[in-house]
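Everything numeric here is computed off the predicted structure, so don't read it as measured data. Worth knowing before you read on, the calculation uses all heavy atoms, side chains too, and leaves out hydrogens, waters and symmetry mates.
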Amino acid sequence: QVQLVESGGGSVQAGGSLRLSCAASGYTYSRFCMGWFRQAPGKEREAVAIIYTDGGGGNSYYADSVKGRFTISQANSKNSVLLQMDRLKPEDTALYYCAAYTTLWARCEGWESSTRYNYWGQGTQVTVSS
């Protein structure tokens with residue numbers, strides 16, 4: 001059973017930076033679409049950034065609201081995904097969840113839909129104050 005564990009949330013002022021990490025364990029298959037969703041109080045869960053993890057880096061996908069500010073990447077260990085969040089805004093405040101699904105293809109079709117993902121972490125809070 002695949003397990004995802006997030007770390008790195010916290011509080012920061014607007015304009016600051018945070019880095020989230022998601023470590024995966026309990027798998028033997030390495031082709032995942034893996035990344036981050038977020039959910040603010042009273043709002044639906046939304047996709048933030050996803051990357052195809054084939055062990056050698058791969059295609060990445062971003063929500064329009066974070067393009068140019070957030071960067072998703074694989075850590076050197078290959079079983080972790082990092083989300084570097086720069087120029088944070090108060091509207092980025094949310095509970096951030098790591099999510100993943102296995103794929104046979106080198107692309108993440110349907111990456112924006114939460115129903116596509118069958119593995120989820122517990123979430124880590126990100127709070128950005130103005």
Side-chain angles (χ1 to χ4, degrees):
Q1 180 71 14
V2 177
Q3 293 185 322
L4 304 177
V5 178
E6 304 104 332
S7 62
S11 298
V12 67
Q13 289 190 327
S17 299
L18 285 173
R19 188 172 74 170
L20 304 183
S21 177
C22 177
S25 62
Y27 64 94
T28 55
Y29 186 73
S30 64
R31 291 188 179 183
F32 288 97
C33 286
M34 183 172 172
W36 300 89
F37 278 70
R38 67 186 181 187
Q39 189 166 20
K43 294 188 177 181
E44 293 187 354
R45 191 171 296 190
E46 63 174 355
V48 176
I50 302 296
I51 191 168
Y52 167 65
T53 64
D54 64 348
N59 295 331
S60 56
Y61 308 80
Y62 295 92
D64 288 344
S65 60
V66 305
K67 281 181 181 177
R69 300 189 298 121
F70 291 11
T71 304
I72 191 169
S73 62
Q74 281 185 265
N76 291 335
S77 66
K78 305 300 183 187
N79 67 340
S80 293
V81 171
L82 306 176
L83 183 67
Q84 178 66 39
M85 304 185 293
D86 298 319
R87 292 185 284 142
L88 282 159
K89 303 176 180 180
E91 50 263 45
D92 294 318
T93 295
L95 188 60
Y96 283 68
Y97 294 92
C98 184
Y101 68 88
T102 55
T103 181
L104 297 176
W105 317 111
R107 59 183 182 269
C108 298
E109 294 182 344
W111 66 274
E112 295 176 291
S113 174
S114 62
T115 59
R116 192 71 177 85
Y117 297 78
N118 38 19
Y119 304 112
W120 291 88
Q122 294 298 308
T124 185
Q125 180 67 36
V126 171
T127 302
V128 185
S129 58
S130 57

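- Distance check, rounded to the nearest 0.5 Å: CG of Asn79 to OG1 of Thr53 gives 10.0 Å.
- Remark: Leu18 CG to Thr124 OG1 distance equals 9.0 Å, nearest 0.5 Å.
- Between Ser114 and Gln39, the closest side-chain pair of non-hydrogen atoms is not below 4.5 Å.
- No more than 12 heavy atoms of other residues, nucleotides or ligands sit less than 6.0 Å from atom CD of Gln13.
- When all heavy atoms are compared, the tightest approach of Gly16 to Val12 is CA-CG2, 3.8 Å.
- Crowding of Gln125 atom CD: a count of heavy atoms from other residues, nucleotides or ligands under 6.0 Å exceeding 12.
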Decide side chain to side chain contact (heavy atoms under 4.5 Å, CB included) for Leu82 and Arg19; before the verdict, give the C-alpha distance in whole Å, the side-chain angles of both, and the deciding distance to 0.1 Å. CA-CA 7 Å; Leu82 306 176; Arg19 188 172 74 170; 4.0 Å; yes

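- Between Phe32 and Val2, some side-chain heavy-atom pair lies under the 4.5 Å cut-off.
- The two residues Leu4 and Ala24 have their closest heavy-atom pair at CD2-CB, 3.7 Å.
- Looking at Gln1, its side chain never comes within 3.5 Å of a backbone N or O of Gly26 through a donor-acceptor pair.
- A continuous path of Ile, Leu, Val, Met, Phe, Trp and Tyr side chains, each step under 4.5 Å between heavy atoms, connects Ile72 with Tyr119, placing both in one hydrophobic cluster.
- Taking all atoms of both residues into account, the shortest heavy-atom contact from Met85 to Val126 is CE-CG2, 3.9 Å.
- Between Arg107 and Cys33, the closest heavy-atom pair is O-SG, 3.7 Å.
- Counting only distance, with no hydrogens or angles, the side chain of Thr93 and the backbone of Val128 share a donor-acceptor pair below 3.5 Å.
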Side chain to side chain contact (heavy atoms under 4.5 Å, CB included) between Arg31 and Trp105: does it pass, once the steps are laid out? CA-CA 8 Å; Arg31 291 188 179 183; Trp105 317 111; over 6 Å; no

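- Note: Cys98 SG to Trp36 CH2 = 5.0 Å, rounded to the nearest 0.5 Å.
- Annotation: the span from Ser17 atom OG to Arg87 atom CZ amounts to 9.5 Å, rounded to 0.5 Å.
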For the pair Asp92 and Arg38, evaluate side chain to side chain contact (heavy atoms under 4.5 Å, CB included) and give the outcome as yes or no after the intermediate values. CA-CA 9 Å; Asp92 294 318; Arg38 67 186 181 187; 2.9 Å; yes

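- Tyr61 forms part of a hydrophobic cluster together with Phe37, Ile50, Leu95, Tyr97, Tyr101, Trp111, Tyr117, Trp120, judged by ILVMFWY side-chain heavy-atom separations under 4.5 Å.
- Considering every non-hydrogen atom in both Ala14 and Ser130, the closest pair reads CB-CA, 4.3 Å.
- Between Lys67 and Asp64, at least one side-chain N (NZ, or NE/NH1/NH2) sits under 4.0 Å from a carboxylate O, which counts as a salt bridge.
- For the pair Leu88/Phe70, a side-chain contact is recorded, criterion being any heavy-atom separation below 4.5 Å from C-beta on.
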